[in-house]
Amino acid sequence: MKNILSASFMIEMIRTATNMYNRGWDERNGGNLSMLLEEQEVRETLNPEKPVRTIPTGFTAPELEGKYFLVTGTGKYFKNVQYAPEVNLGIVRLKDRGRQADLLWGYEDGGQFTSEFPAHMMSHAARLQVNAENRVIMHCHPANLLAMTFVHDLDEKAFTRTLWQMCTECIVVFPEGVNVLPWMLCGTNEIGEATAEKMRTARLVVWSHHGIYGAGKDLDETFGLIETAEKAAEIYMKIAHLPRINTITDAQLHLLEKRFGIRAREGYLD
Ligand code: 13P
Ligand code: ZN
């Protein structure tokens, strides 16, 4: 059997968690990451018929029964993932209509998956309905997006339009815009359900005064989405207190739609 630490999904997960930490998006245990794995790639590295233990999830997600996920552990520091992946990460397979998860590898100190497991699993289910290729859900605490939720209108159209106006290529990267949730208690099924609902119409969901969720077909795409939105928020935070004498106009955003063959969210441009 192949060494699990040399599997490409493991290498990419460790690299991504490390990059996220180095970006300052994941202080202490901040943030969490989950990736849907193919049964075949799991079987190349471990025997799924021999679970280490079973962990209750506290929710139901029948559409995810039998699916495998590589997930960061609760209370674990992204900083440490590269040094001890077997403690900070775990591979689980959902069973019993998603009510329980068999731990197949990892969380070797007796830990378990992130407290945001409901938001991750419910978001996977929601994104898979929109795009069968979706594999990754990423949550982190990037400073500028967070800062923006204290000083900008939280209306989704207004928030999206501001981000699009901050960098020319934002509208190309996330033409569907970003959805925004008000402050809610994290780690609950309620915020999980609300996030998943928002994931039906966008791959980026801002959690006001907390952070952001991103979804994508792989780790690179998802990282790039958050990176682009965070860059736009950074520019906004640099200029928000200054008189704005120039902007990217809606006519210019329409030109980008044509040039890149994308469609901006219906009703978001004049
Ligand atoms: P976990 O350590 O449980 O993953 O929580 C971190 C976090 O960012 C909660 O929103
Ligand atoms: Zn968080």
Side-chain angles (χ1 to χ4, degrees), residues 13-14 16-36 53 55-59 61 69-92 94 98 101 103 105-124 126 136-150 154 178-199 203-216 219 222-223 225-227 229-230 233:
M13 187 81 161
I14 293 169
T16 303
T18 305
N19 281 339
M20 292 173 74
Y21 174 71
N22 288 336
R23 282 302 185 93
W25 298 351
D26 298 280
E27 74 292 343
R28 200 176 182 275
N29 66 309
N32 22 78
L33 193 46
S34 64
M35 179 160 64
L36 178 60
R53 55 195 153 95
I55 309 170
T57 65
F59 58 83
F69 294 92
L70 176 59
V71 193
T72 53
T74 184
K76 300 300 187 230
Y77 295 22
F78 273 36
K79 172 172 80 72
N80 296 335
V81 169
Q82 62 178 320
Y83 305 113
E86 68 289 346
V87 173
N88 295 290
L89 302 174
I91 295 178
V92 295
L94 293 186
L103 176 65
W105 174 90
Y107 309 141
E108 281 191 4
D109 61 350
Q112 68 170 60
F113 39 70
T114 172
S115 60
E116 305 295 3
F117 202 56
H120 278 257
M121 293 302 111
M122 293 173 192
S123 294
H124 274 289
V136 173
I137 300 291
M138 182 180 285
H139 167 60
C140 55
H141 304 162
N144 293 289
L145 279 162
L146 232 152
M148 197 170 152
T149 65
F150 289 93
L154 296 177
V178 301
N179 286 339
V180 182
L181 282 180
W183 187 92
M184 291 178 74
L185 188 61
C186 52
T188 60
N189 286 353
E190 288 69 30
I191 201 169
E193 282 155 13
T195 307
E197 187 56 37
K198 294 289 186 191
M199 282 280 180
R203 293 164 296 158
L204 286 168
V205 179
V206 170
W207 279 12
S208 293
H209 323 323
H210 181 138
I212 191 163
Y213 267 74
L219 288 161
T222 317
F223 186 98
L225 264 176
I226 293 181
E227 185 179 34
E230 169 62 2

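Side-chain atoms are counted along with the backbone in the values below, which use heavy atoms only and exclude waters and symmetry mates. This structure is a prediction, so every number in the text was calculated from the model and none was measured. Positions are given from 1, in the same order as the sequence printed here. Read the numbers this way: they start at 1 and go in the same order the structure lists the ligands and their atoms.
A perpendicular orientation is assigned to the rings of His210 and His141, their planes being inclined by more than 60° (bins at 30° and 60°).
Here the straight-line distance linking atom CD1 of Ile14 with atom CG of Leu89 works out to 6.5 Å at 0.5 Å rounding.
Of the N and O atoms on the side chains of His120 and Thr114, not one donor lies less than 3.5 Å from an acceptor on the other residue.
If you look at ligand 1, the protein residues with a non-hydrogen atom under 4.0 Å away are Asn29, Gly30, Gly31, Asn32, Thr74, Gly75, Thr114, Ser115, Glu116, His139, His141, His210.
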*Evaluate side-chain contact (heavy atoms from CB on, under 4.5 Å) for Asn88 paired with Tyr77, printing each intermediate quantity in order.*
CA-CA 7 Å; Asn88 295 290; Tyr77 295 22; 5.6 Å; no
_Between Thr149 and Val180, does the side-chain contact (heavy atoms from CB on, under 4.5 Å) criterion hold? Intermediate values first, please._
CA-CA 9 Å; Thr149 65; Val180 182; 5.6 Å; no
*side-chain contact (heavy atoms from CB on, under 4.5 Å) between Val92 and Phe117, intermediate numbers included*: CA-CA 11 Å; Val92 295; Phe117 202 56; 4.1 Å; yes
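Among residue pairs with one or both ends in residues 180-196, those qualifying as side-chain hydrogen bond (donor to acceptor under 3.5 Å, both in side chains) are Thr195-Trp207; sequence neighbours excluded.
Crowding of Phe223 atom CZ: a count of heavy atoms from other residues, nucleotides or ligands under 6.0 Å exceeding 12.
Taking Thr74 as the reference, Gln112, Ser115 meet the side-chain contact (heavy atoms from CB on, under 4.5 Å) condition, with sequence neighbours excluded.
Taking 2.8 Å as the limit, the number of protein N, O or S atoms around the Zn ion (ligand 2) is 3.
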